[in-house]
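Below is one structure, written out as structure tokens, with a few remarks after it.
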Amino acid sequence: MAKIKGAIVVEIEKCKGCGVCEVACPTQVIKLHTDVNGKGYHFAYMENPDACIGCANCAMVCPDSVISVYKMKVEA
Amino acid sequence: MAKIKGAIVVEIEKCKGCGVCEVACPTQVIKLHTDVNGKGYHFAYMENPDACIGCANCAMVCPDSVISVYKMKVEA
Amino acid sequence: MTEEIIIAGFGGQGVLSMGKILAYSGIMQDQEVSWMPSYGPEMRGGTANVTVILSDSRVSSPILNEFDTAIILNQQSMDKFESTVKKGGILLYDSNGITRHPQRKDITIYRIEAAAKASETGNTKVFNMIVLGAYLKIKPIVKLENVIKGLKKSLPERYHNLIPQNEQAIQLGMDNVKLIQKV
Amino acid sequence: MTEEIIIAGFGGQGVLSMGKILAYSGIMQDQEVSWMPSYGPEMRGGTANVTVILSDSRVSSPILNEFDTAIILNQQSMDKFESTVKKGGILLYDSNGITRHPQRKDITIYRIEAAAKASETGNTKVFNMIVLGAYLKIKPIVKLENVIKGLKKSLPERYHNLIPQNEQAIQLGMDNVKLIQKV
Amino acid sequence: MDIKDIIKPENLVYSKSKLFTDKALSYCPGCGHGTAHKLVLQTIEEMGIESETIGVAPVGCSVLAYEFMDIDIQQASHGRAPAVATAIKRLMPEKFVFTYQGDGDLAAIGTAETIHACNRGENIVIIFINNGIYGMTGGQMAPTTIAKMKTSTSPYGRDTAIMGNPLKITELVAQLPGVYYCTRQAVHTAAAVRKAKKAIRQAFENQKLKKGLSFVEIVSNCNSGWKMTPVDSNIWMENNMFPFYPLGDIKVPTEK
Amino acid sequence: MDIKDIIKPENLVYSKSKLFTDKALSYCPGCGHGTAHKLVLQTIEEMGIESETIGVAPVGCSVLAYEFMDIDIQQASHGRAPAVATAIKRLMPEKFVFTYQGDGDLAAIGTAETIHACNRGENIVIIFINNGIYGMTGGQMAPTTIAKMKTSTSPYGRDTAIMGNPLKITELVAQLPGVYYCTRQAVHTAAAVRKAKKAIRQAFENQKLKKGLSFVEIVSNCNSGWKMTPVDSNIWMENNMFPFYPLGDIKVPTEK
Amino acid sequence: MKELRLMKGNEAIAEAFIRAGADGYFGYPITPQSEVLEYLMAQKPYETTGMVVLQAESEVAAINMVYGGAGCGKKVVTSSSSPGISLKAEGISYMAGAELPCLVVNVVRGGPGLGTIQPSQGDYFQSTKGGGHGDYKLIVLAPASVQEMADFAKLGFELAFKYRTPVMIQSDGVIGQMMEKVELFEQMPRWTNEEIKKISPWATVGKTPDRERNIITSLDLDPARQERHVYKLGAKYKEIEENEVRFEKIQCDDAEYIFVAYGSSARICQKSIEIARAKGIKVGLLRPITLFPFPKKVLNKLADQVKGMLTVEMSLGQMIEDVQLAVNGKVKVEHYGRVGGMIPSPDEIVAALEQKIIGG
Amino acid sequence: MKELRLMKGNEAIAEAFIRAGADGYFGYPITPQSEVLEYLMAQKPYETTGMVVLQAESEVAAINMVYGGAGCGKKVVTSSSSPGISLKAEGISYMAGAELPCLVVNVVRGGPGLGTIQPSQGDYFQSTKGGGHGDYKLIVLAPASVQEMADFAKLGFELAFKYRTPVMIQSDGVIGQMMEKVELFEQMPRWTNEEIKKISPWATVGKTPDRERNIITSLDLDPARQERHVYKLGAKYKEIEENEVRFEKIQCDDAEYIFVAYGSSARICQKSIEIARAKGIKVGLLRPITLFPFPKKVLNKLADQVKGMLTVEMSLGQMIEDVQLAVNGKVKVEHYGRVGGMIPSPDEIVAALEQKIIGG
Ligand SMILES: Cc1ncc(C[n+]2csc(CCOP(=O)(O)OP(=O)(O)O)c2C)c(N)n1
Ligand SMILES: Cc1ncc(C[n+]2csc(CCOP(=O)(O)OP(=O)(O)O)c2C)c(N)n1
Ligand code: SF4
Ligand code: SF4
Ligand code: SF4
Ligand code: SF4
Ligand code: SF4
Ligand code: SF4
Ligand SMILES: [Mg+2]
Ligand SMILES: [Mg+2]
């Protein structure tokens, strides 16, 4: 069966760690890192990359447009 | 039978001859005079004093408040 | 030659347009002119006046406190402007509505019963042209042909048919002006 | 005696209030003081700094381009203010987030690991008090009792219960400040 | 019977409000401003509040309202009467405060002050004279000038595609919770005068009861600006203004 | 399977609009301004009108919009963006013109310009970011601040009796005939973003068809001004702002 | 041949806007200049040249419309009178800051406040020293005739675009309301979009791929950059002071005294010169045509020649400061003026000269 | 004993409004002075003294609220910063014309236009020469410390009511944002209605039978009457020039050079004096406290003593004109300044003195 797999790329240095993407993700993929970036922000990253379905919800709500979303069909 | 009789007094020198009172009078009492007052206006006067019923319509609409209205009951 | 004129009366008597025609007439014979009106809301039913200057050289001040000629068309203007005529100058007035006639002895005084004449003609709108005629009789500073040209310039095209009747009114004024006092 | 200080770091590190407590402490011992912050929207998540002057005589300019002491709490501030310390003056800094340590040879340099200490105590809010303690250890220009008085003045009444924990933080700072370079 | 027998003090039934000064009104013959002034003064006189009332005059033909009304008045800058009145009322809440404004003043340059005083629900009365034109300055187009109407700045008639639509500011402010009472009246007939008078009275009574803002529009003529005789202007107003600005209450207090 | 296999150019489904400049947004973390910017830029990009579009930035946090949007932009004085846009559009009717304004800018100082541009039916788009506060100047009360909300100039909560009622300017302008399309949206969830995007697209399409003014309100957070975390501010917004400012279309074109 | 007409100053300037190829006029009625908008509305240039004419909801809206239009590289103009100009102060300051070319016409009436609708020159300080906030200057042209009302519309646009700066035409109720004959320059075509791109490459007309985006703003939150910007403005004003001083000297050659007067006062002073010279007083007139840049040098030179100067202004004395700054103590400078809508008469000016300067 | 506090200039002036018995504050937020309204809203004086505090919908509304309040004889005040003050220009001109007492605070930022929020003194011309239209003057007080921010609130009200005129307190971002210790004067009671009737018998508080109606207006359509009114204003400004000049002389006695500077620049110049005197340069400071009336006489006298004067302003040079007018060519006057939110440092001022005056 064809399954949708997704992934996101966060521009770490431009992320402001607002956490809006985290709550927007339907599959709890994203977390804020315990480390900070150069501006002192806890940036977002894929904590559960496998769960990503590439729905782009996170990117849609990211105020700083620092998330790119990738999606592909994979045969399960 | 008791009848209502009215009369008006126009402050001639302050009348601006706008004619608004003339059309407001239900009994066609008022006309604008062919003479003019000191300001050059054809002032209002009672052309048919007998017809006046003291309704004050003329005074109500006079923009310059130059009409005083008097009214009394007379036995016919 | 410079002629400095004040024309004063009620708003609605055509004071401003009479001044304008005079000014245009000056232009038609290559003079320098200025036309400076009183303005503002006090004109609402109140008085209006205009200072017109015709000159062979550049007009300096468009505003004056002395005039060669005063054309006076109501009592308020008489009160205000009689004293502004230069010694030996001219005062032209219409006696309609005048309660106090001019009293100066050092100026020449003319009268034109323009209001009366206008209502005689049945066309009160030509009142100011009658006055203009009277003035031009006294001081023919512009030629009649230039006045007609001026009229054409200052009237919108659609009113040009009225020019003959204005011309007649000017003639009427010329014929009826009366000398009251000469210095 | 006049002490001219710049305190600089991120907005949110308590830079401004640390300066305010210092200024109030000065007042408590009858000094003249001034406190001049950077201000405006660039502070939004950006940098904040404040110039504090304590003096026995009237403070002239509240704005300076040279300081007796610079207290520096992030890299941007290091870049901006290291050079502004007077020759022979003092630079105190927290190395957290610092990528380029101070390089001047003509000033005395101290370090306080206030961020680390604060998170050790589990109360990151006292960060700025640890820094203040370190500073006061180096330059005891105001007495501790006056600092406590200053704290009381600058905190709203409802926070006065927090004063003991601030006092402890100041002590912590005093105990942990390290001399890095002496001139 | 002789007229002299009727004209006796005891028979006097209608005369000039005592709160008029002696100065003759500067308005053009037949202008509704004078009638509107009268109604305001009658109301103040009837309520006996002349010593507690502060008026605010606009910039417009009624800029000189202070010459004619024998009460304390401030003359506000163009459009700002509601702001001026806001401060007067807030600083002296025990007084009665009203503004008297034209349509250019209230609905063009003063739009923000109007909307915000209304929205704050300032406890004042606004008397709004809508004559669809800038009377004072010589008959230019106002926000309220109706479509196709000729004015000195719409000499070929208001072309709404270019010059915008006539603005029903009264309907707008009626939406605001701070506006307690909102009505549109006229003063060109005796019947209209009676109703307008009642509306103004109601507005001042609302203020007495601290109900918030009362807004009384009076659709009026500007015969000079419209270039008509006074009588014709009133007819034109009935035929052309009233269909667009229908008379009547727009917002009335629901409680009683 | 490995993430690297997914992250390939051909699998890219969502990324930053190309019309953003390289400059990092100056907004606070989590601020809706950034999201709103994106939607505007995406729309312009999709319609391919970047070389025909002139934006007007306000005074407010988005004063620097011109730093982030790679299109021609004018920065207007506080509240006057609708007047600025009016002139731009009238002088270049073939271009697309939009304003981007905050609630202080549009609904306080700019009330008159807003109402009159709407009333004239200027063929422009107004994007209105309502965050219930003056973000830029440090969180003062705005006309749109809801009742009881705390701001730096209503530190004990907005007392509507003193400070006036929150102003639903969008409902007001919707009344005006010049406003062709009027809607209220949000950008805090993906679903909201999708709808808001559609609304903005609709607005620009209206302009293309010369339909008059389109007004798109976006209820947004100002977590700095509200003194909350971004995530909390969005929850607070849903619970407190939306009941008073319900999302959805307010005026939709009747023709089709 | 050029056209000759009898026109009011307000009408002449309105007609000149059209002929100068203006793209837009935005205004709000106010006496004594409402004829400008009225004339334009009657002419409907939007049907001929395509010029936009819009009655704004207020002076504030009008000046901001001008900002928007100027930002697009268009020739735009607004006119008003004193209180309306005060309301435009913020917008004018913005335009100076954003370096936008435009014309602002002030047909001055008597202030302060609502004052009077009669002529005045009480806004000299406002125009020349800065009604708005911040360091900026306007080029200020002071027409003294209906002819100059027309001509300065054209000149004003030229200067505005040459220096990317707002230009103020400071007239008054006399010049605006009076009619004189005026020779109108011929209709100039409006600039095409292509021309605008060349003349004003900074204009926001839509960012094409061949260039960076254009931004119109007066803001810079970085003080160092903002300082450079303000210094640049300062340098521009210096350049304007070097290049654009305009004045008229009338009978100055043999003068022992000088009237300094602009606009309608200068007209009246010419009559005063006639009167004074008839009395044997050798007086001339220096008429500043540009109020900024002010004709400092010529005045400083005249100060070496004459015994005294009388400034004649319809104000309590404003331009006198610029005259004093120009002569720097070399010679006595006094002021004579009328205010409140009163207009000085030619002979009272002569009397003032005799009393304050010759006798004083 | 009076109270001692550490406060921002903006807070101190806000507290001083309350203590001076102000009846009302009307304002609109703008950096760098928003703390004024914020402080007042936090203090809620309407619950204590009864003072009204209202956030207006704009600066235009705010100044007109002040007009309304002042017309009732109330002590009212507004504050803003540069662009906001420009918007108030019309209202201020109205108040000057209607002779209404009030306080207007300008915490100046860098212009022109939106400019910057950083400190500046670029609004000197606007305040002293007339931002609004017409012949009028404001009394302009320039505080140089937080203490003076507080004290001038009180003084400002006194002068405003003494002369029935708007008073401007011209501060800047430095003075507004800095904290210093301040000794607060004691709370003064607000005037009762009875007191107001006595102090301001012209106020519109309701026409009682014992007097004629009161009118607040700046309009007079009769030029002769309006002229009398403007002359009366002129006479008042002369009187103010006679009586109300305030300045501070610092180390002038032995000075060979003089800095002329006000507000925060004067603070910085004091540091410059320390530096210069350490180098052996005998320089003093004349600090105008009133920008209008300007301390002309003292400067003219100092011009006899010193070799040169340097005005130090955070502007392109505005006050320098008043200094030049005061010294009337007696001595060299130069300007040094920074703009755009940049603040001159004490030593660059000394360098400027050496270069432009001593060496130049
Ligand atoms: C700031 C300002 N702008 C413009 C004017 C000129 N002006 C005076 S009254 C007026 C309009 C008056 O119209 P409206 O408010 O409708 O009153 P009306 O005269 O029709 O009663 C205008 C534009 C002014 N005095 N001040
Ligand atoms: C004339 C003027 N008044 C006031 C200000 C100060 N000011 C800047 S932004 C702003 C309010 C911004 O609030 P809003 O429009 O809601 O935008 P936000 O920052 O919330 O997005 C104010 C009052 C100014 N710059 N100019
Ligand atoms: S929404 Fe964007 S800025 Fe915020 S945490 Fe996620 S990636 Fe970072
Ligand atoms: S694309 Fe969808 S599933 Fe993947 S991280 Fe983003 S929100 Fe979660
Ligand atoms: S009182 Fe009535 S009847 Fe008498 S004149 Fe007046 S309107 Fe006519
Ligand atoms: S309504 Fe009044 S002013 Fe008009 S004609 Fe009648 S009496 Fe005269
Ligand atoms: S101009 Fe119009 S509104 Fe003004 S007084 Fe005349 S009729 Fe009335
Ligand atoms: S202050 Fe508020 S509106 Fe401004 S950027 Fe921050 S969160 Fe956004
Ligand atoms: Mg009207
Ligand atoms: Mg906001």
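Quick note on labels: first sequence line is chain A, next is B, and so on, each numbered from 1.
- A cation-pi arrangement, defined by a distance under 6.0 Å to the six-membered ring centre and an angle within 45 degrees of its axis, is present between H:K154 and H:F185.
- Of the atoms belonging to D:K153, it is side-chain heavy atoms, and not backbone ones, that fall under 4.5 Å from chain H.
- Judged by distance alone, with hydrogens and angles left aside, the side-chain atoms of H:R287 form no donor-acceptor pair with the main-chain N or O of H:G263 at under 3.5 Å.
- Side-chain contact between H:V182 and H:Q147 is present, with at least one heavy-atom pair separated by less than 4.5 Å.
- A search for side-chain hydrogen bond (donor to acceptor under 3.5 Å, both in side chains) contacts involving H:D123 returns H:S82, H:N106, not counting sequence neighbours.
- At a threshold of 4.5 Å between non-hydrogen side-chain atoms, the residues D:N166 and D:L155 count as touching.
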Steps toward side-chain hydrogen bond (donor to acceptor under 3.5 Å, both in side chains) verdict (H:S79, H:Y25): CA-CA 8 Å; H:S79 66; H:Y25 171 93; 2.6 Å; yes
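- Looking at residues two or more places apart in sequence or on another chain, you find a side chain to side chain contact (heavy atoms under 4.5 Å, CB included) between D:E32 and D:V59, H:K181.
- The aromatic rings of H:Y124 and H:Y262 lie tilted to each other, with the angle between the two planes from 30° to 60°.
- No salt bridge links H:E11 with H:R5; every basic N to acidic carboxylate O contact stays at or beyond 4.0 Å.
- Chain D forms more heavy-atom pairs under 4.5 Å with one residue of H:K271, H:M179, H:M178 than with any other, namely H:M179.
- The contact list for residues 171-183 of chain D toward chain H, using heavy atoms and a distance under 4.5 Å, is empty.
- For chain H, no part of D:I53 is nearby; none of its heavy atoms comes within less than 4.5 Å.
- Residues from residues 340-349 of chain H that place a non-hydrogen atom less than 4.5 Å from a non-hydrogen atom of chain D comprise H:I343, H:S345, H:P346, H:D347, given in numerical order.
- At most 12 non-hydrogen atoms from other residues, nucleotides or ligands lie less than 6.0 angstrom from NZ of D:K152.
- Within the 4.5 Å cutoff, the side chain of D:Q76 has heavy atoms near those of the D:F10 side chain.
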